[in-house]
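Atom set for the values below is all heavy atoms of this structure, side chains included, hydrogens, waters and symmetry mates excluded. A note on names: the letters A, B, ... follow the listed sequences, proteins ahead of strands, and every chain is numbered from 1.
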Amino acid sequence: SQQGEEDPQALSIQEGENATMNCSYKTSINNLQWYRQNSGRGLVHLILIRSNEREKHSGRLRVTLDTSKKSSSLLITASRAADTASYFCATDTGNQFYFGTGTSLTVIP
Amino acid sequence: GAGVSQSPSNKVTEKGKDVELRCDPISGHTALYWYRQSLGQGLEFLIYFQGNSAPDKSGLPSDRFSAERTGGSVSTLTIQRTQQEDSAVYLCASSWEWRETQYFGPGTRLLVL
């Protein structure tokens, strides 16, 4: 199975609500990153959290990292229609880099 | 400054032909990454370069795939004897150092007929 897996696979919420998506991984990591991919557009980096950090904020984004459970969560507060996209977590292991299969978020106006 | 650029943006080729995909990273970025994304799928890591060196080539799908980077800058991904299953979007990214924030190019959409 994958090094990084997001959960849920798909999420649909109303504008203004919060969205939470989770990522689990298998091996020890140096850092964990979250990326967003809009339909038909490229990947954009959202936030990087290092293995010695537990929580990080950036605007409406909040990321947590629990290295004991090998999991991370991404919280988007006060969602907007423009947040509709696929969200991926990415981790490194040795000399390779793994992206999960993504969570598809739909924010309904 | 300019972001990561890739060329061509689209490539249609016939099965059995060779193709070469190019990536121009952000100036000064030492690490460069290649990924493949099939329709509706996540990203599949292919290879990364630290400078001109690729420490691990095991992510390349087959021996038909090769990659090189020269001058610590431009990289090319070559697919020989293309097959239909090679059809995908090939993404390149760069970062100032391995494991740091990656900046992605727009990708090359490859279609093998």
**OP:** Identify whether A:Leu46 and A:Val107 are in the same connected component of the hydrophobic contact network (ILVMFWY, side-chain heavy atoms under 4.5 Å).
**Re:** yes
Original post:
Do A:Leu48 and A:Leu61 share a hydrophobic cluster, counting only Ile, Leu, Val, Met, Phe, Trp and Tyr and linking them when any side-chain heavy atoms are less than 4.5 Å apart?
Top reply: no
Original post:
Is B:Glu85 atom CD crowded by more than 12 heavy atoms from other residues, nucleotides or ligands, each under 6.0 Å away?
Top reply: yes
Subject >> Contact winner vs chain A - B:Tyr33, B:Trp98, B:Tyr48, heavy-atom pairs under 4.5 Å >> reply: B:Trp98
Subject >> B:Leu110 reachable from B:Leu43 in the ILVMFWY side-chain graph, under 4.5 Å edges >> reply: no
Subject >> Main-chain N/O of B:Arg99 paired to A:Gln33 side chain as donor or acceptor, under 3.5 Å >> reply: yes
**OP:** Look at the side-chain heavy atoms of Ile, Leu, Val, Met, Phe, Trp and Tyr, link any pair under 4.5 Å apart, and say whether B:Leu77 and B:Val112 land in one connected group.
**Re:** yes
Subject >> Segment of B:Tyr103 engaging chain A (4.5 angstrom heavy-atom cut-off) >> reply: neither
Original post:
Honestly curious: do B:Val4 and B:Phe104 fall in one hydrophobic cluster under the side-chain, below-4.5 Å linking rule?
Top reply: no
Original post:
At a heavy-atom separation under 4.5 Å, does B:Leu91 approach chain A through its side chain, its backbone, both, or neither?
Top reply: side chain
Original post:
If you take all heavy atoms of B:Ser58 and A:Gln96, which pair is closest and at what distance?
Top reply: OG-NE2, 2.7 Å
Original post:
What part of A:Leu43 gets closer than 4.5 Å to chain B, counting heavy atoms only: side chain, backbone, both or neither?
Top reply: both
**OP:** Please report the closest heavy-atom contact between B:Tyr35 and A:Phe97, naming both atoms and the distance.
**Re:** OH-CD2, 3.4 Å
Original post:
Between B:Gln37 and A:Phe88, which heavy-atom pair has the shortest distance, and what is it?
Top reply: NE2-CZ, 4.2 Å
